[in-house]
Amino acid sequence: MSKVSGIILTYSVAEPVIHGPDFPSYQINDWLGAKELQPLVLVDGAAADWHPGCCIAIGGYNHFDEAGFSTFIRSLPWAYPDDVVLVIHPDDGGARVIRPLLNDD
């Protein structure tokens, strides 16, 4: 049986400026690739004719390691961790919102 988890990750537009243009996407997509999963897709500015003021990355994964991904996102060296929001929405339950700075679960 399929169990798909929708992923939404938002973070400050300053993160790539501070860490370099590939942060955090290369680290996140390397983590996903090691599990033979497709990369998250950046959608900032794609849904409207204005920039939302944050970076937005989305993906959908079958039988996703939600706990492992949440732990990994928390381990990244965010310059603005209070701007990081991870939403994991499995198709068999309610959405979970994780904020690394707050150590929510």
Side-chain angles (χ1 to χ4, degrees):
M1 183 173 171
S2 180
K3 178 190 175 205
V4 177
S5 298
I7 305 297
I8 303 168
L9 176 66
T10 68
Y11 52 91
S12 170
V13 295
E15 293 289 351
V17 174
I18 291 168
H19 293 287
D22 294 331
F23 180 84
S25 59
Y26 75 90
Q27 290 172 310
I28 293 169
N29 291 332
D30 282 352
W31 188 93
L32 292 166
K35 298 178 180 334
E36 299 183 4
L37 298 171
Q38 295 295 312
L40 290 176
V41 176
L42 288 172
V43 296
D44 17 326
D49 52 357
W50 54 270
H51 194 281
C54 63
C55 295
I56 303 167
I58 63 170
Y61 304 100
N62 198 21
H63 300 288
F64 190 61
D65 178 7
E66 297 171 5
F69 189 67
S70 174
T71 298
F72 171 72
I73 292 299
R74 287 180 173 143
S75 76
L76 291 173
W78 300 102
Y80 297 96
D82 52 331
D83 288 340
V84 178
V85 178
L86 172 62
V87 178
I88 299 176
H89 194 265
D91 63 5
D92 65 349
R96 290 182 33 228
V97 177
I98 296 112
R99 306 235 10 232
L101 180 69
L102 303 176
N103 291 320
D104 292 350
D105 211 69

>> Checking Lys3 now: which residues fulfil salt bridge (charged side-chain N to carboxylate O under 4.0 Å, His left out) with it, not counting sequence neighbours?
In response: Glu66
> So, the side chain of Glu15 versus the backbone of Ala79: is there a donor-acceptor pair under 3.5 Å, distance only?
Replying inline: yes
Inter-residue atom distance [X].[atom1] - [Y].[atom2], 0.5 Å rounding:
| X | Y | atom1 | atom2 | answer |
| --- | --- | --- | --- | --- |
| Ser70 | Arg96 | OG | CZ | 5.5 Å |
| Leu86 | Arg99 | CG | CZ | 11.5 Å |
| Ile73 | Gln27 | CD1 | CD | 9.5 Å |
| Ser25 | Leu32 | OG | CG | 11.0 Å |

>> Please enumerate all residues that pass side chain to side chain donor-acceptor pair (under 3.5 Å) together with Asp30, with sequence neighbours excluded.
In response: none
> Mind checking what makes side chain to side chain contact (heavy atoms under 4.5 Å, CB included) contact with Val4, not counting sequence neighbours?
Replying inline: Ser2, Asn62, Asp91
> In chain order, what residues pass the side chain to side chain contact (heavy atoms under 4.5 Å, CB included) check against Asp83, with sequence neighbours excluded?
Replying inline: Ser12, Tyr80
[Y] side chain reached by [X] side chain, heavy atoms, under 4.5 Å:
| X | Y | answer |
| --- | --- | --- |
| Trp78 | Pro24 | yes |
| Ile88 | Ile7 | yes |
| Leu40 | Ile58 | no |
| Ile98 | Val87 | no |

> Under the side-chain contact (heavy atoms from CB on, under 4.5 Å) criterion, do Ile56 and Leu9 qualify, and how do the steps go?
Replying inline: CA-CA 6 Å; Ile56 303 167; Leu9 176 66; over 6 Å; no
> Restricting to pairs with a member in residues 31-43, which pass side-chain hydrogen bond (donor to acceptor under 3.5 Å, both in side chains), not counting sequence neighbours?
Replying inline: none
>> Taking ring pair (Phe, Tyr, Trp, His ring centres under 6.0 Å) as the definition, give me every residue that meets it alongside Tyr61, ordered by chain and number, with sequence neighbours left out.
In response: Phe64
